[in-house]
Engineer: 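The structure under discussion is supplied below as structure tokens; questions concerning it will follow.
A note on names: the letters A, B, ... follow the listed sequences, proteins ahead of strands, and every chain is numbered from 1. None of these values were measured; they are calculated from a predicted model.
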Amino acid sequence: MKLLPKEHATLVEQAIRAAQAAGELPAFDIPAIEIRPPKRADQGDYAAAVALQLAKPAGMNPFDIATIIAKHLPPADFVASVEVVKPGFINFRLNDDWLRAQVEQIIVEGEALFQLDLGAGKRAQVEFVSANPTGPLHVGRSRGAMVGDTMARLLEAAGYSVEREYYFNNAGKQMHDLGNSLRIRYLEALGQPVQIPETDFYQGEYLKDFARDLVAEKGDALVNADWQPFKEYAEKRMFDVIRATLRRVNIEHDIFFNENSLYESGAVWDTLEELQERGYVYRAAKPETDTTNGGEADDEENTGKGEATWFRSTALGDAKDRVLVKSDGSPTYTLPDIAYHLNKYKRGFDLMVNVLGADHGTQYKVVAYGVKALGLDPSKIHVILIQLVRMIRDGKEVRMSTRRGDYDTLDDLIDQTSPDVVRYILLARSPDSHLNFDLDLAVKQSNENPVYYIQNAHVRCAGIFREAEARGLSDDGADVSLLGADELRFLRKVMELGDLIEVSAQTFEPHRIAFYALELATLFHPIYDNVRALHGDVPPELAKARLRFYRAAQVVFRRVLTLMGMSAPERM
RNA sequence: GCGCUCAUAGCUCAGUGGAUAGAGCACCAGUCUUCGGAACUGAUGGUCGGGGGUUCGAAUCCCCCUGGGCGCACCA
């Protein structure tokens with residue numbers, strides 16, 4: 001399938017070169033030529049503003065430049081006409097016959113529609129979710145889950161070979177607290193008098209369930225055990241729950257990477273050593289430079305703790321140096337984080353995408369400094385920073401807290417709505433934008449909810465073919481030249497999908513596909529009303545051509561829904 | 001206080017320096033004697049938070065201001 005913006009850009013570039021060779025345009029460096037569909041239909045299907053950009057370097061009137069470019073444009077099968085307009089726009093109009101012929105091409109490509117080779121031979125990794133298994137996934141985390149998985153799908157569509165990775169830590173204080181919390185619940189389940197601690201305790205109902213199961217399995221054999229066996233049991237059970245939840249929304253990670261393995265392999269200390277060799281490490285009771293307070297104020301937090309090991313990240317532009325190893329000899333989270341990314345580089349990915357919550361905004365920069373300090377190319381990593389989700393119910397914000405157990409879990413949310421609704425709502429927002437998840441709206445199964453609107457387009461196509469089959473009608477050997485203006489309008493939009501995949505993948509903006517899907521559905525439904533295939537008044541040949549069109553439309557909706565990790569239902 | 005980020009229709013939000021700023025929902029008015037029906041059509045609705053600047057051209061880039069969110073640990 002052709003990427004029309006690129007195709008047009010090539011034509012324009014060739015025209016500029018030809019005009020320069022003919023002496024009609026002066027010599028200048030040809031800029032990147034941007035071609036895009038204009039906002040209004042009377043401005044053509046694709047437009048180039050390059051003549052306006054060239055006015056200064058060429059020292060000419062933009063309209064004249066555009067006229068000269070248009071004169072030198074080589075012919076192309078997809079172009080019907082070219083028009084030069086007022087300030088200097090070059091407007092292209094697609095050839096209708098060529099467009100109609102795309103119906104067959106769409107059907108041929110099927111589920112691989114607009115599969116690109118942008119990342120051909122390249123390996124990409126997307127790290128997302130990465131929640132420690134201290135509880136079920138809650139809604140706050142799940143936005144990153146949908147964005148990450150959709151990002152992975154788009155990269156696959158762009159031609160990358162993609163690995164999905166989940167990074168977690170089962171060795172820290174959180175997991176210790178989890179084990180201890182389960183221990184208390186276990187004793188409680190055995191009928192022993194227990195005191196529920198005020199702090200460092202996970203209050204979720206799920207631990208009571210685990211405790212009951214544990215009693216059923218082992219009886220009172222663990223009465224005198226410490227937190228450790230409880231932690232191991234809880235971790236295993238928790239991961240089962242988390243993976244099952246993710247599977248419900250079509251997410252499956254290829255690799256679960258345990259931070260602890262970086263300690264077991266020695267990678268953490270190797271990383272420190274390498275940073276040291278490169279001159280980025282020093283030991284001191286205080287940072288060498290403290291740009292936050294000019295080194296004047298004697299921070300209490302920096303005193304009386306002895307010597308720590310510091311990362312001289314200020315040498316790379318950081319606001320302050322960071323502690324790598326505390327004075328008690330244990331590393332901070334920063335060091336294993338850097339070691340983890342070093343590990344990723346060693347695995348040879350060409351591209352690494354990290355999906356993180358906005359609360360990690362500072363931390364990822366420190367990791368980037370670490371990567372740079374190790375002599376690696378930080379531009380291979382791209383971070384998608386996700387703003388937090390606010391749950392709104394009855395017009396009011398619902399606060400979430402993992403510890404107190406009164407949060408809305410992703411499972412709850414799926415139960416109340418559907419996997420597809422959750423996927424779409426959490427995807428259909430720019431990552432930069434705060435997301436108000438209106439629970440009341442999401443629960444509603446009405447046309448206020450775009451998910452149904454989009455999926456219904458696919459359902460309607462499927463319905464047509466159920467009915468056609470019942471009537472013994474076929475679209476074999478259809479003459480697509482009979483398709484009209486409505487269908488052409490839809491096909492024009494379809495032709496934008498390839499560019500959308502490319503841009504989304506390159507700019508790491510998976511939300512674009514969600515808006516595209518809605519636009520496509522908005523275009524489709526009126527056509528479905530107008531362009532009838534099964535109505536008695538429609539001549540057989542025309543009916544056949546229209547069926548062919550709907551077959552292509554169904555392919556497109558299935559492709560788009562699949563890219564979003566959603567189902568393409570046959571009926572609703 | 002410092003850093004990052006956001007502010008666009010009543011609400012929720014799109015908008016990759018280009019032409020007259022868009023969509024969904026809500027609201028209002030209609031359509032289908034319901035074919036395939038979570039459907040369709042139309043209307044209303046905007047000083048793009050405010051003020052400067054760069055540019056032939058700014059919602060978009062730069063600076064200042066106002067107001068939200070998040071971060072500023074030898075926690076993760």
Engineer: Hey, does the side chain of D200(A) reach the backbone of D177(A) with a donor-acceptor pair shorter than 3.5 angstrom?
Structural biologist: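 No.
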Engineer: Between V84(A) and I69(A), is any pair of side-chain heavy atoms under 4.5 Å apart?
Structural biologist: no
Engineer: In whole angstrom, give me the gap between the C1' atoms of C2(B) and U44(B).
Structural biologist: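 One C1' to the other, the span is 46 Å.
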Engineer: Among the nucleotides C74(B), G18(B), G24(B), which one has an atom lying closest to any side-chain atom of A308(A)?
Structural biologist: C74(B)
Engineer: Pairs of donor and acceptor atoms involving the side chains of residues 510-517 of chain A, under 3.5 Å and at least two apart or interchain, shall be tabulated with distances.
Structural biologist:
{"from": "R512(A)", "atom 1": "NE", "to": "E509(A)", "atom 2": "OE1", "distance (Å)": "2.8"}
{"from": "R512(A)", "atom 1": "NH2", "to": "E509(A)", "atom 2": "OE1", "distance (Å)": "2.8"}
{"from": "Y516(A)", "atom 1": "OH", "to": "K493(A)", "atom 2": "O", "distance (Å)": "2.7"}

Engineer: Please tell me if the side chains of F490(A) and L520(A) come closer than 4.5 Å, counting only heavy atoms from C-beta onward.
Structural biologist: yes
Engineer: Classify every nucleotide of nucleotides 9-16 of chain B by which part a protein heavy atom approaches to under 4.0 Å, writing B for the base, S for the sugar-phosphate alone and - for neither, in 5'-to-3' order.
Structural biologist: ---SSSSB
Engineer: Any side-chain N or O of K326(A) under 4.0 Å from OP1/OP2 of C75(B)?
Structural biologist: yes
Engineer: Which part of the nucleic acid, if any, lies within contact of L385(A), taking any heavy atom under 4.0 Å across all strands shown: a base, the sugar-phosphate backbone alone, or nothing?
Structural biologist: nothing
Engineer: Can you tell me the distance, in whole Å, between the CG atom of L324(A) and the P atom of A76(B)?
Structural biologist: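 To the nearest whole Å, that distance equals 12 Å.
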Engineer: CG of L335(A) versus C1' of C75(B): gap in Å, rounded?
Structural biologist: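 Those two atoms, CG and C1', are 16 Å apart.
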Engineer: Please list, chain by chain and in numerical order, all residues satisfying ring pair (Phe, Tyr, Trp, His ring centres under 6.0 Å) with F89(A), sequence neighbours excluded.
Structural biologist: none
Engineer: Pick the P atom in G46(B) and in C62(B), then give their distance to the nearest Å.
Structural biologist: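 G46(B) and C62(B) have their P atoms separated by 29 Å.
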Engineer: Base, sugar-phosphate, or nothing: which does R466(A) touch, judged by heavy atoms less than 4.0 Å apart?
Structural biologist: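 Since no nucleic acid heavy atom lies under 4.0 Å of R466(A), the category is nothing.
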Engineer: Using the side chain to side chain contact (heavy atoms under 4.5 Å, CB included) criterion, which residues pair with A368(A)? Sequence neighbours excluded.
Structural biologist: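 Counting only residues at least two positions away or on another chain, A368(A) forms no side chain to side chain contact (heavy atoms under 4.5 Å, CB included).
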Engineer: Which of these nucleotides, C72(B), A39(B), G71(B), is closest to any side-chain atom of K320(A)?
Structural biologist: C72(B)
Engineer: Of the nucleotides A39(B), C35(B), A76(B), which has the atom closest to the Q174(A) side chain?
Structural biologist: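 Looking only at side-chain atoms, Q174(A) lies closest to A76(B).
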Engineer: Using a 4.0 Å heavy-atom cut-off across all strands, classify E467(A) as base, sugar-phosphate, or nothing.
Structural biologist: sugar-phosphate
Engineer: Does the aromatic ring of Y453(A) sit over the six-membered base ring of G24(B), closer than 5.5 Å centre to centre and tilted less than 30°?
Structural biologist: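 Given the distance and angle limits, no, they do not stack.
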Engineer: If you check every side-chain atom of A49(A), which of C40(B), G18(B), A19(B) has the closest atom?
Structural biologist: G18(B)
Engineer: I'd like the C1' distance from G67(B) over to G49(B), given in whole Å.
Structural biologist: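 Rounded to whole Å, the distance is 8 Å.
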Engineer: Report the residue (T362(A) or L518(A)) whose heavy-atom-nearest nucleotide on RNA chain B is the more 5′ of the two.
Structural biologist: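 Between the two, 5'-proximity favours L518(A).
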Engineer: Heavy atoms from C-beta onward define the side chain here; which of C35(B), C40(B), C74(B) lies closest to that of V323(A)?
Structural biologist: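 The answer is C74(B).
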Engineer: Is any side-chain N of the basic residue among D420(A) and R423(A) closer than 4.0 Å to the acidic one's carboxylate O?
Structural biologist: no
Engineer: Could you go through residues 461-470 of chain A and list every donor-acceptor pair under 3.5 Å that involves a side-chain atom there, pairing it with any protein atom two or more places apart or in another chain?
Structural biologist:
{"from": "R466(A)", "atom 1": "NH1", "to": "E570(A)", "atom 2": "O", "distance (Å)": "3.1"}
{"from": "E467(A)", "atom 1": "OE2", "to": "R471(A)", "atom 2": "NE", "distance (Å)": "2.8"}
{"from": "E467(A)", "atom 1": "OE2", "to": "R471(A)", "atom 2": "NH2", "distance (Å)": "3.2"}

Engineer: When the C1' atoms of C13(B) and A7(B) are compared, how many Å lie between them, rounded to an integer?
Structural biologist: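 After rounding to an integer number of Å, I get 12 Å for this pair.
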Engineer: Taking only the C1' atom of each, what is the distance from U60(B) to A14(B) in whole angstrom?
Structural biologist: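 Their C1' atoms lie roughly 13 Å apart.
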Engineer: Roughly how many Å apart are U55(B) and C40(B), using the C1' atom of each and rounding to a whole number?
Structural biologist: 45 Å
Engineer: So what does T522(A) hit on the nucleic acid, given a heavy-atom distance under 4.0 Å: a base, only sugar-phosphate, or nothing?
Structural biologist: sugar-phosphate
Engineer: NA contact type, A358(A), heavy-atom cut-off 4.0 Å: base, sugar-phosphate, or nothing?
Structural biologist: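 It contacts sugar-phosphate atoms only.
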Engineer: Which residue pairs satisfy the ring pair (Phe, Tyr, Trp, His ring centres under 6.0 Å) criterion with at least one member in residues 29-63 of chain A, sequence neighbours excluded?
Structural biologist: H8(A)-Y46(A)
Engineer: Evaluate the ring planes of Y550(A) and F524(A), with Trp represented by its six-membered ring, and classify them as parallel (under 30°), tilted (30 to 60°) or perpendicular (over 60°).
Structural biologist: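 Answer is perpendicular, since the angle exceeds 60°.
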Engineer: Grab the CG-P distance between N132(A) and C75(B) for me, whole Å please.
Structural biologist: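 In whole Å, C75(B) P and N132(A) CG are 17 Å from each other.
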Engineer: Please confirm whether any donor atom in the side chain of Y452(A) sits under 3.5 Å from an acceptor in the base of A38(B), or the reverse.
Structural biologist: no
Engineer: Could you tell me which residues satisfy salt bridge (charged side-chain N to carboxylate O under 4.0 Å, His left out) with E83(A), sequence neighbours excluded, listed by chain and number?
Structural biologist: none
Engineer: Taking the C1' atom in each of U31(B) and G68(B), what is the distance between them to the nearest angstrom?
Structural biologist: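 Straight-line distance between the two C1' atoms is 44 Å.
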Engineer: I need the full list of salt bridge (charged side-chain N to carboxylate O under 4.0 Å, His left out) pairs touching residues 322-332 of chain A, with sequence neighbours left out, sorted by first then second residue.
Structural biologist: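 Salt bridge (charged side-chain N to carboxylate O under 4.0 Å, His left out) check on residues 322-332 of chain A returns D318(A)-R322(A).
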Engineer: For RNA chain B, which ranges pair as stems of 3 or more consecutive Watson-Crick or G-U pairs, with both donor-acceptor distances under 3.5 Å?
Structural biologist: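 As far as RNA chain B goes, consecutive pairing (with distances under 3.5 Å) yields the stems B:1-7 with B:66-72, B:10-13 with B:22-25, B:28-31 with B:39-42, B:49-53 with B:61-65.
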Engineer: Figure out the CZ/P separation between R322(A) and C72(B), and round it to whole Å.
Structural biologist: 9 Å
Engineer: Mapping N169(A) and L534(A) to their closest nucleotides on RNA chain B, which lands nearer the 5' end?
Structural biologist: L534(A)
Engineer: Find the distance D359(A):CG to C4(B):C1' and express it as a whole number of Å.
Structural biologist: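 Rounded to the whole Å, the gap is 12 Å.
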Engineer: Need one value for N91(A): base, sugar-phosphate or nothing, where a base atom within 4.0 Å counts as base even if backbone is also close, heavy atoms only.
Structural biologist: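 Contact class for N91(A): base.
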Engineer: Please name all residues satisfying ring pair (Phe, Tyr, Trp, His ring centres under 6.0 Å) with F256(A), sequence neighbours left out, ordered by chain then number.
Structural biologist: Y166(A), F239(A), H253(A)
Engineer: For I392(A) and G68(B), what is the distance between atoms CD1 and C1' respectively, to the nearest whole Å?
Structural biologist: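 Rounding to the nearest Å, CD1 of I392(A) and C1' of G68(B) are 13 Å apart.
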Engineer: Using a cut-off of 4.0 Å on non-hydrogen atoms, how would the nucleic acid contact of K86(A) be classed: base, sugar-phosphate, or nothing?
Structural biologist: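 Nothing, no nucleic acid heavy atom in range.
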Engineer: Can you tell me, in whole Å, how much space there is between the P of C64(B) and that of A21(B)?
Structural biologist: 30 Å
Engineer: Could you check how far CD of Q43(A) sits from P of G22(B), rounded to whole Å?
Structural biologist: 10 Å
Engineer: Just the table, please: protein N/O against nucleotides 54-63 of chain B N/O, every pair under 3.5 Å.
Structural biologist:
{"from": "C56(B)", "atom 1": "OP1", "to": "K56(A)", "atom 2": "NZ", "distance (Å)": "3.2"}

Engineer: Between the side chains of N169(A) and Y333(A), does any donor sit under 3.5 Å from an acceptor?
Structural biologist: no
Engineer: Over how many whole Å does the gap from Q363(A) atom CD to A73(B) atom C1' extend?
Structural biologist: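 Atom-to-atom, Q363(A) to A73(B), this comes out as 12 Å.
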Engineer: Among all residues two or more places apart in sequence or in another chain, which pass the salt bridge (charged side-chain N to carboxylate O under 4.0 Å, His left out) test with D45(A)?
Structural biologist: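 Result, salt bridge (charged side-chain N to carboxylate O under 4.0 Å, His left out) vs D45(A): R492(A).
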